[in-house]
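Worksheet: the structure to be examined is printed underneath.
Bear in mind that the values here come from a model prediction, so they are computed numbers and not experimental data. Each chain gets a letter, A, B and so on, in the order its sequence line appears, and its residues count up from 1.
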Amino acid sequence: MPELPEAETLARQLQNLIAGRSLRQITVLSQRVTRDPLAQVRQQRVDRVQRYGKWVLLQVDVGWLVIRLGMTGTLRWCAPQGPYTRAILHFEHGWLCFNDIRQFGSITLRPQLPNELGPDPLEMDHRDWCSMLRSNRALKPALLDQRKLRGLGNIYTDEILFAAGLHPLVEATRLGEPQIERLERCTVEILERAIELGGSSISDFVDVYGRPGRYQFEHRIFRRAGEPCSRCGERIQRIVVAQRGTYYCPACQRL
DNA sequence: ATTACTACCTGACAGC
DNA sequence: TGCTGTCAGGTAGTAA
């Protein structure tokens, strides 16, 4: 579920809920969550919570807890433990359940702030965009590569490409200056609007209080195959790009 | 070094 | 009802 806007939604809520508070201990309920000795993390002050790409980071005394939601991970404040609760973070004033049906998510502990991913699309300047687009591949796979730019996933990539009028299979390196500028502008507009609405809930995503996001009501292309394009009326198509379902308008997004 | 593809899990849904 | 196949928002790991 979680792409940049969903991770940002969770990080902001957790910053308010747990920054400055004491993390008493972590209960690991499924060993797939981590290989790190999280049970030994005791009595840590959470300095702050921030987002790194699609990940949620908690800064604690001994380093950084890196929470990756995978496809179906959620973080629920003071929710009852359920069948898919894989870990519980116990605080002085409540607890956080890490629920994850498919178990692609993880919680790891690192001594340092992670830095292996590409730039954040909300902080990139024009030069960053030009250098990330210097790539011998189609545009969509390039945008999905977290080492090139961190935070975009399947939903927002399709929405951004539609808004920018760019075909998902166009070679990244062939974009002209005006197209790159359109891509930059649409990326920021769509991500900021999605954050404003608490992210997209397609099936699993909910915030720490269990509330769904509302940006899915503004999706114009994602999972709308067969419907008329909202801009031109042409039938929206679904193709497979980089093994992911990909939605686009053949009239508005020409190769 | 970069790019492409499989595998990891579980559940929802469509069709027979 | 129950089986089978397809699809699903991510990303390690491996192969070319």
Inset, instruction - Mind checking A:F222 for me? I need base, sugar-phosphate or nothing, with any heavy atom below 4.0 Å counting as a touch. - result: sugar-phosphate

Inset, instruction - Classify the nucleic acid contact of A:D145 as base, sugar-phosphate or nothing, counting any heavy atom under 4.0 Å across all strands shown. - result: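 Nothing: the residue A:D145, judged by heavy atoms under 4.0 Å, touches no strand.
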
Distance check needed: [N] [atom2] versus [X] [atom1], whole Å only.
X: A:R35; N: B:dC8; atom1: CZ; atom2: C1'; answer: 12 Å
X: A:Y215; N: C:dG9; atom1: OH; atom2: P; answer: 16 Å
X: A:L133; N: B:dT2; atom1: CG; atom2: P; answer: 15 Å
X: A:N154; N: C:dG10; atom1: CG; atom2: C1'; answer: 10 Å
X: A:K148; N: B:dA1; atom1: NZ; atom2: C1'; answer: 10 Å
X: A:L4; N: C:dG10; atom1: CG; atom2: P; answer: 12 Å
X: A:Q243; N: B:dA4; atom1: CD; atom2: C1'; answer: 7 Å
X: A:I239; N: C:dC7; atom1: CD1; atom2: P; answer: 14 Å

Respond yes when some side-chain nitrogen or oxygen of [X] is under 4.0 Å from OP1 or OP2 of [N], and no when none is.
X: A:S200; N: C:dG9; answer: no
X: A:R244; N: C:dG10; answer: yes
X: A:W55; N: C:dT11; answer: yes
X: A:Y156; N: C:dG10; answer: no

Legend entry - Sub-4.5 Å side-chain heavy-atom contact between A:Q81 and A:T27: no

Shortest side-chain distance from [X], nucleotide among [options]:
X: A:R137; options: B:dA4, C:dA8, C:dG9; result: B:dA4
X: A:S203; options: B:dT10, C:dG9, B:dT3; result: C:dG9
X: A:K54; options: C:dT11, B:dT6, B:dC8; result: C:dT11
X: A:Q146; options: B:dT3, C:dT11, C:dA8; result: C:dT11
X: A:R238; options: B:dT10, C:dA8, C:dG10; result: C:dA8

Do [X] and [Y] meet the criterion of a side-chain donor-acceptor pair at a distance under 3.5 Å?
X: A:S200; Y: A:Y156; result: yes
X: A:T246; Y: A:K140; result: yes
X: A:Y247; Y: A:E227; result: no

Legend entry - Aromatic-base stack, A:F104 on B:dC8, cutoff 5.5 Å, angle under 30: yes

Inset, instruction - Report the relative orientation of the aromatic rings in A:F91 and A:W77; use parallel for angles under 30°, tilted for 30 to 60°, perpendicular for over 60°. - result: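 Because their plane-to-plane angle lies in the 30° to 60° range, the rings of A:F91 and A:W77 count as tilted.
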
Legend entry - Which residue lies more 5' along DNA chain B, comparing A:I101 with A:R134 via nearest heavy atoms: A:R134

Give a yes or no on this: more than 12 heavy atoms of other residues, nucleotides or ligands lie within 6.0 Å of atom [atom1] of [X].
X: A:Q31; atom1: CD; value: no
X: A:N16; atom1: CG; value: yes
X: A:E123; atom1: CD; value: yes

Legend entry - DNA chain B base-pair string [pairs: Watson-Crick or G-U under 3.5 Å; |: paired with another strand]: .|||||||.|||||||

